[in-house]
Amino acid sequence: MGADMRSIEELEREVEELKQQLLLEKDKGKKKSTWFQNIIDSIPNPLFIKNKNSCFTSVNSSFENFVNIKKEGLLGKRDSDFFSAEEAEVFLKIDEEILANGGINWNDEKLTIQDETYNLITSKVRIFDGEGNRFLVGLITDVTDKENQHIQLKQKKDELEKEKKNNQTLLKEIHHRVKNNLQVVSSLLSIQMMRFEDKETHKAFNNCKHRIAVMANVHESLYKTSNFSNINFSTYIQALISNLKDSSKLMKCVKFKLDLINIFLNVDLSISLGMAINEIIINSMKHGKVEGENLEIYLKLFEEEGSCVLRIGDDGKGQSGIDESKESLGAELLQLFCNQIDASLLYVKLEKGMHYEISFDKNR
């Protein structure tokens with residue numbers, strides 16, 4: 001009897017020891033589980049783990065917050081228990097492929113939560129536990145805001161492009177109207193000129209019309225191009241000369257020699273330089289022409305030591321035309337046009353003809 005009682009006591013003691021060991025192991029397992037949960041909860045992106053049946057076995061706090069479902073309500077459930085059948089079917093198909101074949105899979109996915117659709121990039125990978133059981137780990141990156149930003153940027157770009165086109169149309173119309181208004185002024189001068197018979201008065205009116213035409217040509221050039229801030233200056237000079245040929249009887253005896261680089265200048269530079277060129281050419285024809293002989297006028301435009309240089313001259317009858325030493329309207333106007341663009345003006349007197357050099361900054 002005593003031996004039996006001792007055996008029972010020993011058995012009870014062994015059972016108690018076993019309970020303690022089990023509690024210890026359970027505590028270790030709980031600590032281990034807590035440690036693992038703390039690790040995945042530290043990951044800012046939503047993370048989930050599924051078993052071979054695509055049932056949730058673990059999730060982090062970011063995933064709970066993202067889908068707005070507590071972990072207890074997720075574990076042991078599948079996507080079809082929470083999300084639309086169409087979306088769940090897509091997720092399940094990808095899960096099965098990863099669980100079967102392994103590898104890392106990156107997917108662009110859409111997920112609807114409480115009537116709000118999110119754009120996601122989800123990466124999934126297969127893992128095994130110590131017993132060879134298959135699991136799937138998924139990590140979610142929410143790119144909804146980036147997608148929305150992309151859409152907003154595109155909309156803003158489209159709006160700016162539309163506004164740009166409207167402004168271009170408006171600027172084009174403005175240049176067209178300015179050109180037309182200048183032509184109206186020129187026509188008014190022609191009507192007014194008819195009231196006078198004096199030749200000098202007629203010349204004064206014609207000179208004013210030439211100057212107006214120089215400005216009108218700039219606006220005409222801008223009207224015909226998509227660039228409303230700069231014009232091709234060499235093309236503009238050729239148009240200016242063509243206009244002078246059409247309006248002057250002397251042009252039949254004048255030959256032009258052009259050596260111009262291809263350069264684009266802004267409106268202010270173009271108008272002031274055009275007015276200066278117009279003034280020099282008119283005076284060359286007026287004072288440099290020798291009866292019975294042809295007159296050659298040259299224009300050379302080039303760049304030198306960071307500046308642009310415009311040389312104009314003729315092979316006329318010597319020191320005639322605009323002369324800085326003489327108080328004439330031509331000299332005053334030429335200096336005025338150069339001052340407007342901070343250009344330097346140099347008069348060169350040679351045995352034959354008058355020559356000018358205008359240096360300016362093209363980026364002014």
Shortest non-hydrogen contact from [X] to [Y]?
X	Y	result
Ile140	Asn45	O-ND2, 2.9 Å
Ser234	Ile261	CB-O, 3.7 Å
Ser272	Gln340	OG-OE1, 3.1 Å
Ile43	Asn60	O-ND2, 3.4 Å
Lys362	Cys308	CB-SG, 3.8 Å

Heavy-atom distance under 4.5 Å between the side chains of [X] and [Y], does that happen here?
X	Y	answer
Phe48	Leu74	no
Ile297	Ile241	no
Met275	Ile271	yes
Asn133	Lys52	no
Leu260	Phe233	no
Leu111	Thr117	no
Phe256	Ile281	yes
Phe63	Ile69	no

Verify the cluster assignment for [X] and [Y]: are they in a single hydrophobic cluster under the rule of side-chain heavy atoms below 4.5 Å apart?
X	Y	answer
Phe91	Ile113	yes
Val309	Ile280	no
Phe56	Leu139	no
Leu301	Leu345	yes
Ile49	Val59	no

Cut-off 3.5 Å, no hydrogens considered: what does the side-chain donor-acceptor table look like for residues 75-86, sequence neighbours left out?
from	atom 1	to	atom 2	distance (Å)
Arg78	NE	Asn53	O	3.2
Arg78	NH2	Asn53	O	3.4
Asp79	OD2	Lys50	NZ	2.6
Asp81	OD2	Arg78	N	2.8
Ser84	OG	Glu87	N	3.2
Ser84	OG	Glu87	OE1	3.3

Notebook entry, point to check: Pairs in or reaching into residues 111-132: which pass ring pair (Phe, Tyr, Trp, His ring centres under 6.0 Å), with residues at least two apart or in two chains?
Noted result: Phe66-Tyr118

Note to self: Test side chain to side chain contact (heavy atoms under 4.5 Å, CB included) on Thr201 and Met193; report intermediate values, then the result.
What the structure shows: CA-CA 8 Å; Thr201 303; Met193 184 175 65; 6.0 Å; no

Which distance, rounded to the nearest 0.5 Å, do you find between the [atom1] of [X] and the [atom2] of [Y]?
X	Y	atom1	atom2	value
Asn232	Phe264	CG	CZ	4.5 Å
Ser58	Leu47	OG	CG	7.5 Å
Ile277	Ile237	CD1	CD1	4.0 Å
Ile263	Glu303	CD1	CD	5.0 Å
Cys55	Leu136	SG	CG	12.0 Å
Ser344	Asp361	OG	CG	11.0 Å

Next item on the list: Establish, from distance only, whether the side-chain atoms of Asp41 and Gln37 form a donor-acceptor pair under 3.5 Å.
Entry: yes

Next item on the list: For Asp108 and Asn119, test the side chains for any donor-to-acceptor distance below 3.5 angstrom and give the result as yes or no.
Entry: no

Any donor-acceptor pair under 3.5 Å linking the side chain of [X] with the backbone of [Y]?
X	Y	answer
Asp314	Glu296	no
Ser242	Gln238	no
Asn65	Ser61	yes
Glu109	Leu120	no

Next item on the list: State which residue, out of Leu99, Thr122, Asn107, fulfils the side chain to side chain contact (heavy atoms under 4.5 Å, CB included) condition with Ile94.
Entry: Asn107

Notebook entry, point to check: Mind checking what makes salt bridge (charged side-chain N to carboxylate O under 4.0 Å, His left out) contact with Arg311, not counting sequence neighbours?
Noted result: Glu357

Checklist line | Trace of the ring pair (Phe, Tyr, Trp, His ring centres under 6.0 Å) decision for Tyr347 with Tyr356 | finding: CA-CA 5 Å; Tyr347 293 82; Tyr356 315 83; 5.7 Å; yes

Notebook entry, point to check: In this structure, are over 12 heavy atoms from other groups packed under 6.0 Å from Glu89 atom CD?
Noted result: no

Check: Got a sec: does the CD of Glu72 have more than 12 other heavy atoms crowding it under 6.0 Å?
Finding: yes

Margin query: Go through it in stages, so that I can follow the logic: the residues are Tyr236 and Leu273, the test is side chain to side chain contact (heavy atoms under 4.5 Å, CB included), and I'd like the CA-CA distance, side-chain angles, deciding distance and then a yes or no.
Written below: CA-CA 11 Å; Tyr236 168 64; Leu273 286 171; over 6 Å; no

Next item on the list: Kindly indicate, with the supporting measurements, whether the criterion side chain to side chain contact (heavy atoms under 4.5 Å, CB included) is fulfilled by Ile231 and Thr235.
Entry: CA-CA 8 Å; Ile231 65 171; Thr235 302; over 6 Å; no

Next item on the list: Identify the residue among His355, Lys255, Lys257 that makes a side chain to side chain donor-acceptor pair (under 3.5 Å) with Tyr298.
Entry: His355

Note to self: Less than 6.0 angstrom from the centroid, inside 45 degrees of the normal: does Lys300 satisfy that with respect to the ring of Phe302?
What the structure shows: yes

